[in-house]
Amino acid sequence: MLRIEHLTKVFPDGTVALKDVSFEVKDGEFLAIIGLSGSGKSTLLRCINRLIDPTEGRIVWDDKDITAASGRELREIRRNIGMIFQQFNLVKRSTVMTNVLSGRLGYAHPVWSLVHRFSPEDYELARAALERVGIADKADNRADQLSGGQQQRVGIARALMQEPKIMLADEPVASLDPVLAHSILQYLETLNREDGITVLCSLHFLDLVHRYATRVIGLKDGELVFEGLPSELTADRFKEVYGEEAEMVTVGGTMSA
Amino acid sequence: MTHDATPTPSPTPGRTSWLPPLVSLLLPGGGQALVGRYVRGAAILLAIVVMAALIIWLQGYALLAPLLGIWLWNSWDSYQLVRGRQPRLGVPILLGALIIYGLGTVATQVQPTRLVTGWSSMQPYLRALTKPELFTYPTEDQIGLVPIQVPCIEPLPEPARKPTEQPRLTVSVPCASVGDVVTIQGEGFFPEFEGELWWINPIGDPQRVLENGQQATFVTDAEGRFTAQVKVPLAVPVSEQPGPGETQTHLIRAEQHKPYGSPQPTETLSLVVDKIFETVALAFLATVLGVIFAVPVSFLAARNLMYGNPVTRMIYFVVRTILNIVRSIETLMWAIIFAVWVGLGPFGGMLALWLHTVAALGKLYSEAIEAIDPGPIEAVRATGASGPQVVVYAVIPQVLPTFASFTLFRWDINVRMSTVIGLVSDAGLGFLVIQWIRLNQFRAMATAIIAIMLVVSIIDYTSSKLRERILEGAPAARQVSPTRRLVTRAALVAAFALVFVWSWRLAEVRLSELVRGAPAGLRMARDFAIPNLIERPTEERSVSRPLPVPCGAAEVPSTSGTGAGVSLSLECGNVGDPLIITGHDLPPNQDVSVRWLLPDGAFLRVQSNCCRTDETGTVTVETRVHPLMELSEGMTEPGQVTIVWKETVGGPRFSEASRRVLELSIVTLLMALLATTLGSLFAIPLSFFAARNIMGKTVPGRVIFYGFRLFFNLFRSIEPMILVLICAAWVGAGPFAGVLALALNNIPNLGKLFSESIEDIDSGPVEAITATGANRLQTLVYAVVPQLVPRFLAFILYQWDINIRMSTVIGFVGGGGIGQQFRLWVGLNQYDKAGMAVWAIVIMVWSMDYLSARARERLI
Ligand SMILES: Nc1ncnc2c1ncn2[C@@H]1O[C@H](COP(=O)(O)OP(=O)(O)OP(=O)(O)O)[C@@H](O)[C@H]1O
Ligand SMILES: [Mg+2]
């Protein structure tokens, strides 16, 4: 169980990105985070694996205080939390294989890994991960030779290498077309259902929230303004989160399960 | 699993698997050829042969060990190929690099110890740089002179000069020999004040009296008296030394300069300021004229405009080729060439800058034209516009910003070049630098060098700011009244015209020189076009005849009558007697040299530019008996008159000069390679300290960051040619000095580029890798290094291209390589040889440009 307690983040320039946010995520949940651009979604996700240090508050995971961890302990926590990014954040000039293997760095030998040496098991794992996301044949391509959807799948494979218990996804589909959006979220759904990985995913489209999430939180100006089941997120509540002018936008119903 | 799969030849059955490795052992690459890998085999053979040849030529025999390693690896390689494996190339590449760098250090005479041993000779340069001559106080002077005769003779005549009365200087002895120490005493000088001692030779040239290698000084007591020791220097060249029984009057000078009043700019400073104007004027004129010529040329060199029909395509190729040739010869080299044509001076320097500008801009402009979007052209044409209208409305708006940016870039380069063009010509600041170095006036030199650094940094800064603005696009047009716009424009045009005229005058443009010097220029061009690649070996032959001067001073041996010979109109004679020298039965139509063979064994030409035999093999010279032919006491052998000519023996072979050019080309390449490598090796670690994002926001971090940035920028503004001068003083002239100077210039250049690329690393992957739980080192290796490698490589290749060009000219000022030889040959009017050096440079630059372009495609 992941518990966020009174989390506040003030950036050095004075921007208050999160204001006293508290909520809980149970193991195996698929939590969607919604909110306008600038509402603090990314900041929240980044606080959880400490890419950003929160100003106040605590994040507790299975009785471990993530906010207090540092050094080796922090790296071990990070190892157990996968993350995928809107801009994929692949090392574009490295091969797909190297990118995927880099997800294993938290486990790999600290010295050998510096000269790109990984154990045979790691290679096996990497191939399995690539197979799982359906791009095993691209292993030797340079990452920038892949399409956007393929790159995001490499990102997922990299996160899978960590054998994570939690997966953070920061707008994983915002750079992709609707068809790809569904296929990426389906991978996340499979991970969530079959492997029991807890997923925290920020999303912009209500229909995607309805389709994939098991629970939703809404942020507005850094404050928690909604928490509940997707079914409770009616058009009115949606407007509350997104402001009066907001329209319900859907991602065209091209995909079905 | 595609990851491991590599295309492999089918394994040959085991029975013959020993054969290819054995063949490879006997003939490198043979085994590879046996299994069908012909290219690999040929490459291995070629590499080994070339390296072996270089090792033997440079006598770096220790490098045969790694070569043996490659040889053995080659056998192992073919064994692996037979077994159907694809062996890796790491080991041979490493060994090959070892050999190449080893050869580089041998060929460029790298001697790190000289960095230490030569340090002291560089001291005056460094010390001077900290105190340039800027301002002085006007001085009140006290100057005392006293004569001294060197050497002592009996009886000693009256000295040719009188001592001064006030102040008074006396010397302990009236005469002395070179190396003696004499004591001088002075009185009536400024009390308790210091002064300098000088030695003035009989011709009136002053030189510093030295004391432990430093200027000797004295300090007066309260009454204005002092005593000092002076060692008598060798102040007269050997040829001017007094004969036996003669003496010469020298002067010792003691001088004091007491400042008063307010500081005045030194003469040095005002000279430097003058030359700053000249430097900028040269660059300005060359840029403006360059643009005027480059624009039309660029249209002829634009593929998309010229590819339409065969005639224009032909023109395109010719223009392109000429541009490429002109561009691959450095501006400084052009300056030397133009100096032959129009003489030393600003005009020749300006022409060199101009020509290189036309070629460089012509190419850049034509590329901008080639990159034009055809859409707007079609659209304008579709409206029914004429050709010129299309150009004005669709072409110019597209190319103008790029042209402007390239022009500014070139202006920047031209200013840099014109600061150093004076190193080979009498133009701009560089001339002052080299002049003052020759005179050992280091503080004046430092003033000029600092001026260069200033000019370069200011121009660099302003033009990069301007370029940014041009590329960002003009700010939104403000509402300006038409009259006001007209006035500003008129003012701009007027200012431009004024600067242009002013530059024209400072550059001493004299178009008539172009015509007047044309014959010399044409002769040079002709010789350049006909390189003397092949020559037939020659042997010197001579015939001679003794000529006793005066008559009776020596016996004349009798001469045998037949064959080639010299006959003289006199059997013997006195100095100044008219003499007719006739050579007969020599080879017909042959260049010969007629010489005096002096009694002391030296020889002199009877006439310069002489002579050639006629069809009958006869040559006649009228002259007078040379004074040095006279026999002095004790000499018995009479002088002779000799005719010397060269006779070809044996078949044609590559000329001495062509072999020299080949050798020096290799040395030059190795110099560039070594400099680039050294520069990169130092720049990579240093660049991290100059990267804002790495150094962080802490105070020490900031301080280090700004320190390194400042260091890079300051050091970058010292032109490599200037560094060569200083390095030549440090480690001695030669290729090592060149390598050192280039490397020292590359470190800040690359350091700056590297640190900038470190600063704009994409932070996304860094975050992503951090998020996997990787530690800092792992993050560096997996997220930072892969981003940096291609950028660094790109910059290193760029620097390599520059270094290749620079290394062809650093020899002009003591940096070794082919430039040194080129300058020497031009100085000796041996243009055919100089031409060969130029062609070698063109080929070298082209092939290296080609290679680095290929490398760029593959690596980046
Ligand atoms: N490094 C930073 N320094 C200062 N302010 C920041 C920084 N990063 C984010 N912010 C600010 O914090 C607020 C929350 O940003 P955050 O990136 O979390 O929003 P978001 O909900 O992810 O938006 P989007 O949907 O556009 O990605 C914004 O106002 C943003 O400008
Ligand atoms: Mg965001």
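Chain naming here is simple, since letters A, B, ... match the order of the sequence lines and numbering starts at 1 in each. Keep in mind that this is a model prediction, so the values were computed, not measured.
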K.L.:
How close do A:M83 and B:A771 get, heavy atom to heavy atom, and via which atoms?
P.N.:
CB-CB, 4.3 Å
K.L.:
With a 4.5 Å heavy-atom cut-off, do A:Q87 and B:D762 have their side chains touching?
P.N.:
no
K.L.:
Could you tell me how the ring of A:H116 sits relative to the ring of B:Y782: parallel (under 30°), tilted (30 to 60°) or perpendicular (over 60°)?
P.N.:
tilted
K.L.:
Under 4.5 Å, counting heavy-atom pairs only, tell me which of A:R158, A:R50, A:K92 racks up the most with chain B.
P.N.:
A:R158
K.L.:
Chain B heavy atoms under 4.5 Å from A:L114: which part of the residue, side chain, backbone, both or neither?
P.N.:
both
K.L.:
Has A:D63 got more than 12 heavy atoms of other residues, nucleotides or ligands less than 6.0 Å from its CG?
P.N.:
no
K.L.:
Can you establish whether the number of heavy atoms outside A:F23 located under 6.0 Å from its atom CZ is more than 12?
P.N.:
yes
K.L.:
Decide if atom CZ of A:R117 counts as having more than 12 heavy atoms of other residues, nucleotides or ligands within a radius under 6.0 Å.
P.N.:
no
K.L.:
What pair of heavy atoms forms the shortest contact from A:N89 to B:G764, and how long is it?
P.N.:
ND2-O, 3.0 Å
K.L.:
Which bit of B:L777 comes within less than 4.5 Å of chain A, counting heavy atoms only: side chain, backbone, both or neither?
P.N.:
both
K.L.:
Is it true that atom OH of A:Y187 has more than 12 heavy atoms of other residues, nucleotides or ligands lying nearer than 6.0 Å?
P.N.:
yes
K.L.:
Roughly how far, to the nearest 0.5 Å, is CD1 of B:I769 from CZ of A:R78?
P.N.:
12.0 Å
K.L.:
Considering non-hydrogen atoms only, spot the tightest contact between B:Q778 and A:H109 and give its length.
P.N.:
NE2-O, 4.2 Å
K.L.:
Counting only heavy atoms closer than 4.5 Å, note whether A:R72 contacts chain B via side chain, backbone, both or neither.
P.N.:
neither
K.L.:
Side chains of B:T772 and A:R79: closer than 4.5 Å at any heavy-atom pair?
P.N.:
no
K.L.:
Is A:R46 in contact with chain B via its backbone, its side chain, both, or neither, using a 4.5 Å heavy-atom distance?
P.N.:
side chain
K.L.:
Looking only at heavy atoms, what is the nearest atom pair of B:A774 and A:L105, with distance?
P.N.:
CB-CB, 3.7 Å
